[in-house]
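The next block holds one structure in the form of structure tokens; read it before the comments.
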Amino acid sequence: MKAYLLVFLGAGLGGSLRHAVNVGCGRWCGLDFPWGTLIVNATGSFAMGLIAGWLAFRGGQHWTQSARLFVMTGVLGGYTTFSAFSLDAALLWERGQMANAALYVGASVALALVGLAAGLSIMRALT
């Protein structure tokens, strides 16, 4: 139960930060291009890389599973799930599973777009 609470609290922080970035980008850059989402995805992936790399190479036992759940799954997951997607793809690539990495990236993007289009189509048909 504690793990779920940590993820919940972290996701709330990350989601609030994502909203702040989107609002700020809308004000400063306008709404003609999804600058906020682009910045969130890029910075979230960068942060995930920094944290995952630090944990793998320097963090050692100092970071508890609770801290990892709060920061990586919670805060970064609430900020952007794109960071988790990027980490999964990079791990496949680093393991030498290039075909699986390419399949994962291609399928994730394609299925996300198809899913969105299907959802929109269903709702258009129902309204």
- Message: Show, in sequence, the C-alpha distance, side-chain angles and deciding distance for Y104 and F85, and conclude whether the side chain to side chain contact (heavy atoms under 4.5 Å, CB included) test is met.
- Response: CA-CA 9 Å; Y104 176 66; F85 160 79; 3.6 Å; yes

- Item | M48/S86 under side chain to side chain contact (heavy atoms under 4.5 Å, CB included): CA gap, chis, key distance, verdict | CA-CA 8 Å; M48 180 69 84; S86 299; over 6 Å; no

- Message: Run N22 and W35 through side chain to side chain contact (heavy atoms under 4.5 Å, CB included) and show every step you take.
- Response: CA-CA 8 Å; N22 280 322; W35 290 109; over 6 Å; no

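Here the side chains of R68 and T73 are not in contact, with every heavy-atom distance at 4.5 Å or above. Here the side chains of R95 and L91 are in contact, with some heavy-atom distance below 4.5 Å. Counting only heavy atoms from C-beta outward, the side chains of L13 and F70 approach each other to under 4.5 Å. Between L87 and M72, the closest side-chain pair of non-hydrogen atoms falls below 4.5 Å.
By the criterion of side-chain heavy atoms lying less than 4.5 angstrom apart, applied directly or through intervening Ile, Leu, Val, Met, Phe, Trp or Tyr residues, F82 is not grouped with L111; the two fall into different hydrophobic clusters. F46 is not connected to W93 by any chain of hydrophobic side-chain contacts under 4.5 Å among Ile, Leu, Val, Met, Phe, Trp and Tyr, and they are in different clusters. Cluster annotation: V71 and L6 are assigned to the same hydrophobic cluster (Ile/Leu/Val/Met/Phe/Trp/Tyr, side-chain heavy-atom contacts under 4.5 Å, transitive). Cluster membership for L17 and L69, using ILVMFWY side-chain heavy atoms within less than 4.5 angstrom, is not shared. When hydrophobic clusters are built by joining Ile, Leu, Val, Met, Phe, Trp and Tyr residues whose side-chain heavy atoms come closer than 4.5 Å, directly or via intermediates, V105 is grouped together with L92.
Applying the 6.0 Å contact sphere to OH of Y4 captures no more than 12 heavy atoms from other residues, nucleotides or ligands. At most 12 heavy atoms of other shown residues, nucleotides or ligands fall within 6.0 angstrom of atom CE in M123.
Atom OH of residue Y79 and atom OG of residue S16 lie 12.5 Å apart, to the nearest 0.5 angstrom. Rounded to the nearest 0.5 Å, atoms CG (L50) and OG (S83) are 12.0 Å apart.
Residue pairs meeting the ring pair (Phe, Tyr, Trp, His ring centres under 6.0 Å) criterion with at least one member in residues 105-127: none, sequence neighbours excluded.
Checked by atom type and distance alone, the side chain of N41 never pairs as donor or acceptor with a backbone atom of T80 at under 3.5 Å. Between the R18 side chain and the V40 main chain, no donor and acceptor come within less than 3.5 Å of each other. In this structure a side-chain-to-backbone donor-acceptor pair under 3.5 Å is missing from S121 to A117.
Closest non-hydrogen pair, I39 versus C25, comes out as CD1-SG, 3.4 Å. In this structure, L76 and G44 approach most closely via the heavy-atom pair CD2-O, 4.2 Å.
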